[in-house]
Amino acid sequence: TQTELSVTTIDESNQPQEQRIDLTFIEDNVRWIIDFKLGLEVTNANANVAAQAHQTQLAGYAALFIKEGLPIKTAVFFLSLGKLIALN
């Protein structure tokens with residue numbers, strides 16, 4: 001388990017880009033990447049839609065681990081609701 005994992009990559013213009021992953025771990029041979037969001041405006045009724053808004057961000061994080069060869073699951077955890085929404 002790694003919290004607040006900071007990974008630096010080089011973008012297309014040869015500039016360093018820092019990615020900060022809130023939580024990542026391997027369970028049952030699956031890499032999990034979880035992003036924590038405060039989401040005070042998020043309710044149980046709109047949590048799934050709100051989580052989908054972060055799919056691109058989490059896909060970018062997942063790309064950092066693709067060479068591991070493990071299946072990757074991503075999720076958003078809304079702290080204000082205490083609710084985890086899996087995206088894939």
Side-chain angles (χ1 to χ4, degrees):
T1 300
Q2 179 71 46
T3 59
E4 286 290 319
L5 175 65
S6 182
V7 178
T8 302
T9 59
I10 303 297
D11 68 12
E12 303 82 33
S13 60
N14 220 20
Q15 296 298 311
Q17 298 295 316
E18 184 179 10
Q19 309 281 339
R20 184 155 299 160
I21 301 169
D22 290 336
L23 177 65
T24 185
F25 57 90
I26 297 172
E27 180 177 271
D28 296 330
N29 218 28
V30 174
R31 161 75 60 191
W32 277 90
I33 301 170
I34 300 174
D35 196 41
F36 297 121
K37 298 293 182 192
L38 190 53
L40 295 176
E41 71 288 348
V42 176
T43 65
N44 281 316
N46 70 3
N48 287 333
V49 172
Q52 290 297 322
H54 302 287
Q55 190 158 10
T56 300
Q57 174 189 8
L58 285 159
Y61 295 162
L64 299 171
F65 296 95
I66 200 76
K67 290 184 179 180
E68 281 183 327
L70 296 174
I72 300 173
K73 299 267 187 186
T74 59
V76 175
F77 185 77
F78 291 106
L79 297 167
S80 62
L81 298 175
K83 185 171 191 172
L84 181 73
I85 307 287
L87 295 175
N88 61 349

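Positions are given from 1 along the sequence.
For Ala50 against Phe78, the heavy-atom pair with the smallest separation is CB-CZ, 3.7 Å. Shown here for Ala75 and Ala86, the closest heavy-atom pair between the two residues is CB-CA, 3.8 Å. Contact between Thr24 and Arg31 at its shortest, heavy atoms only, is OG1-NH1, 2.8 Å.
Taking the six-membered ring where the residue is Trp, Trp32 and Phe25 present parallel rings, their angle staying beneath 30° rather than reaching 60°.
Atom CD1 in Ile21 sits 9.0 Å away from atom CG in Leu58 (nearest 0.5 Å). With rounding to the nearest 0.5 angstrom, the CG atom of Asn88 is 3.5 Å from the OG1 atom of Thr74. Separating the NZ atom in Lys37 from the CD atom in Gln57 is a distance of 4.0 Å, to the nearest 0.5 Å. Interatomic distance, Ile85 CD1 to Asn48 CG, rounded to the nearest 0.5 Å: 4.5 Å. Separation of atoms CD (Gln55) and CG (Asp35) is listed at 12.5 Å; rounding is to 0.5 Å.
A distance-only check finds no donor-acceptor pair linking the side chain of Asp22 to the backbone of Ile34 [under 3.5 Å]. The backbone N or O of Arg20 lies less than 3.5 Å from a partner atom in the side chain of Tyr61, making a donor-acceptor pair.
Residues Leu81 and Val42 form a side-chain contact, since some pair of their non-hydrogen atoms from C-beta on lies under 4.5 Å apart.
Among Ile26, Leu70, Ile72, the single residue meeting the side-chain contact (heavy atoms from CB on, under 4.5 Å) criterion with Phe65 is Ile72.
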Exercise for the section: Report the C-alpha separation of Leu87 and Val76 in whole Å, then their side-chain angles, then the decisive distance to 0.1 Å, and conclude whether the side-chain contact (heavy atoms from CB on, under 4.5 Å) test is met. Expected result: CA-CA 8 Å; Leu87 295 175; Val76 175; 4.1 Å; yes
Practice task
Evaluate the side-chain contact (heavy atoms from CB on, under 4.5 Å) criterion for residues Lys73 and Ile33: first the C-alpha distance (whole Å), next the side-chain angles of each, then the deciding distance (0.1 Å), finally the verdict.
Solution key: CA-CA 6 Å; Lys73 299 267 187 186; Ile33 301 170; over 6 Å; no
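Counting non-hydrogen atoms of other residues, nucleotides and ligands closer than 6.0 Å to NZ of Lys83 gives a total above 12.
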